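First the structure, in the form of structure tokens, and then the observations on it.
Any value given below was found using the heavy atoms of this structure, including those in side chains, with hydrogens, waters and symmetry copies removed. Model, not experiment: these values are computed from the prediction. In the text below, chain A, chain B and the rest are named by the order of the sequence lines, each starting its count at 1.
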Amino acid sequence: MRIVMMGTGTFAEPTLEALLAGPDFLVGVFTQPDREGVQKRGSTRQVGRGMKEIAAEKGVPVFQPASVNSPEGVAMLRGLSPDLLVVAAYGQILSKEALAIPTQGAINVHGSLLPKYRGAAPVARAILNGETETGVTIIRMSAGLDAGEMLAKESIPIADETAGELEAKLAPIGSRLALQTIARMKAGPITGEKQDLALVTKAPKLTKEMGLIDWSKPAEQVCRQVRAMQPWPTAYTYLHRPGKVPLRAIIYSAVEYPVRCDPRLQPGTPIREWHRDPGELFIAVAEELPGEERGVVQILELQPAGKKRMTAEEFLRGYPLKDGDRFGPETPI
RNA sequence: CGCGGCGUGGAGCAGCCCGGUUAGCUCGCCAGGCUCAUAACCUGGAGGUCAUAGGUUCAAAUCCUAUCGCCGCAA
């Protein structure tokens with residue numbers, strides 16, 4: 001069987017490697033065009049070895065059209081005369097015309113338990129919404145975003161991973177399911193399960209603004225945001241100090257602290273009297289569901305603008321907090 | 001030449017704009033003390049070519065130039 005793979009990033013790479021090691025003939029790899037400057041100094045996105053490099057090692061031709069749906073892109077694909085298309089996190093929606101080229105159709109490796117979380121950012125969205133489990137679904141590609149019938153599915157629990165960590169766990173599951181599905185397809189026609197339209201939810205791309213922390217949200221929600229926004233766009237906030245320019249800081253790690261604090265505190269206020277141990281940085285957040293008491297988030301790791309990533313203890317030594325200091329979403333002008 | 005921040009004892013920072021006393025703070029480390037005890041407290045100590053190279057000056061961590069390195073933004 002002649003296979004063409006399309007994908008990008010760490011989520012797609014295990015599948016590419018599996019296909020290269022597998023029994024079928026990988027005739028070409030499509031990946032996104034090289035982004036300018038990305039390789040210069042570590043991207044904000046997760047980039048493993050790179051699809052291009054992995055494919056090149058095995059002498060598999062690589063194609064990077066700006067759009068597969070353009071006449072050029074379609075021509076590239078047609079020129080390979082594939083039997084099957086395997087897509088994982090490619091980032092482009094394939095046109096009907098492109099999907100019609102492979103004789104056996106196309107399958108997609110998707111990082112959620114479909115029909116939930118259709119779209120570009122299923123892993124981060126699942127964490128953000130407090131799901132307790134997620135998984136990988138293999139679907140037959142059809143018109144419509146992630147709407148095809150399901151051919152295989154496997155779930156795993158969500159613990160306290162960041163989006164990047166969770167994706168790294170899902171990727172190998174996806175590659176395994178993809179190979180199994182291909183093997184079944186070769187054995188004969190297979191039928192999948194239709195997605196229940198009533199259960200469909202969308203997982204749109206994340207934006208940079210979604211990383212801005214609103215300290216008036218409940219503690220659990222703030223912590224989920226911190227995990228979901230990694231490695232991109234990262235959760236961030238500003239430290240406001242009287243007479244000083246607001247300091248932007250990326251929050252890398254934060255946990256809910258199971259104690260309530262004075263309800264009169266403004267959300268985002270560091271609770272200094274609790275900082276007995278120099279490594280502890282507690283922040284007051286919104287009131288929990290009922291009652292007036294406020295929840296607390298403990299920041300463990302962060303990175304002030306222009307500095308490297310550091311522990312809360314290190315941060316507090318260099319930026320001792322005083323009365324009137326507060327974390328908040330307000331941007332410097 | 002895409003934009004910006006930063007390089008100060010082991011860690012994190014201040015000092016730099018407005019050059020000039022022993023380069024400071026919060027920690028860590030070593031020794032001793034107090035204590036039933038401690039991550040607490042007290043005393044003493046080691047540890048710094050202020051990234052590097054030039055320049056300006058009577059005098060440079062501080063001003064100017066270049067180089068190297070780290071980081072953020074550009075999703």
Side-chain angles (χ1 to χ4, degrees), chain A residues 7-12 31-48 50-51 64 66-67 89-93 111 119-125 127-128 162-164 167 202-213 225-254 257 259 270-283 298-325 327 329-333:
Chain A
T8 42
T10 47
F11 187 71
T31 191
Q32 294 282 7
D34 296 328
R35 297 281 183 235
E36 193 154 340
V38 164
Q39 76 286 4
K40 199 162 71 177
R41 191 184 55 247
S43 163
T44 47
R45 302 207 70 184
Q46 280 203 312
V47 175
M51 295 290 282
Q64 301 176 285
S67 166
Y90 181 44
Q92 294 190 26
I93 297 172
V123 179
R125 295 277 178 178
I127 293 175
L128 196 59
T162 64
E167 192 181 276
K202 301 263 177 75
K205 264 202 285 203
L206 301 178
T207 64
K208 212 172 154 72
E209 297 73 48
M210 293 181 66
L212 185 60
I213 295 173
Q225 181 183 16
V226 168
R227 291 190 290 124
M229 295 303 132
Q230 268 182 84
W232 191 87
T234 69
Y236 61 96
T237 187
Y238 293 89
L239 173 59
H240 299 269
R241 293 170 295 178
K244 296 204 173 187
V245 178
L247 177 71
R248 187 181 195 273
I250 295 170
I251 307 299
Y252 280 110
S253 177
Y257 196 68
V259 173
I271 309 175
R272 286 169 50 220
E273 54 273 29
W274 288 12
H275 301 165
R276 304 164 307 222
D277 220 25
E280 297 178 339
L281 175 55
F282 298 107
I283 309 292
Q298 180 179 6
I299 294 177
L300 301 175
E301 249 189 313
L302 69 168
Q303 176 170 24
K307 300 296 182 182
K308 64 176 189 179
R309 182 173 173 163
M310 62 181 73
T311 62
E313 181 173 355
E314 290 171 323
F315 174 79
L316 288 172
R317 275 202 279 278
Y319 301 85
L321 298 176
K322 301 187 176 65
D323 281 337
D325 294 350
F327 288 94
E330 301 83 9
T331 341
I333 300 166

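One can place OH of A/Tyr236 at 10 Å from P of B/C73, the figure rounded to the nearest angstrom. The nearest whole Å value for the distance from the CD atom in A/Gln230 to the P atom in B/G72 is 12 Å. Going from atom CH2 of A/Trp232 over to atom P of B/C73 covers 10 Å, rounded to whole Å.
Contact of the A/Ile250 side chain with the A/Leu302 side chain is not registered, since no non-hydrogen atoms from C-beta on lie closer than 4.5 Å. Within the 4.5 Å cutoff, no side-chain heavy atoms of A/Thr234 are placed close to those of A/Trp232.
Nucleotides B/A66 and B/U56 place their C1' atoms 15 Å apart, quoted to the nearest Å. Spacing of P atoms, B/G72 relative to B/C1, comes out at 25 Å, to the nearest Å. B/G9 and B/A61 have their C1' atoms separated by 14 Å, given to the nearest Å. Here the separation of B/A23 from B/C50, taken at their C1' atoms, is 8 Å to the nearest Å.
Between the side chains of A/Gln303 and A/Tyr252, at least one donor-acceptor pair of N or O atoms lies under 3.5 Å. Checking A/Glu209 against A/Thr207 by side-chain atom types alone, a donor-acceptor pair falls below 3.5 Å.
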Which atoms of nucleotides 12-16 of chain B (N or O only) lie under 3.5 Å from a protein N or O atom, and what are those distances?
{"unit_1": "B/G12", "atom_1": "OP1", "unit_2": "A/Lys308", "atom_2": "NZ", "d": "2.8"}
{"unit_1": "B/G12", "atom_1": "O2'", "unit_2": "A/Glu314", "atom_2": "O", "d": "2.7"}
{"unit_1": "B/G12", "atom_1": "O2'", "unit_2": "A/Gly318", "atom_2": "N", "d": "3.4"}
{"unit_1": "B/G12", "atom_1": "N2", "unit_2": "A/Arg317", "atom_2": "O", "d": "2.9"}
{"unit_1": "B/C13", "atom_1": "O2'", "unit_2": "A/Gly318", "atom_2": "O", "d": "2.6"}

Go ahead and write out RNA chain B as dot-bracket, 5' to 3': ( ) for pairs within the strand, [ ] for ones crossing earlier pairs, | when the partner sits on another strand, dots for unpaired; Watson-Crick or G-U wobble, both distances under 3.5 Å. .(((((((.[[[[.)....(...]]]].(((((.......))))).....[[[[[..)....]]]]]))))))..
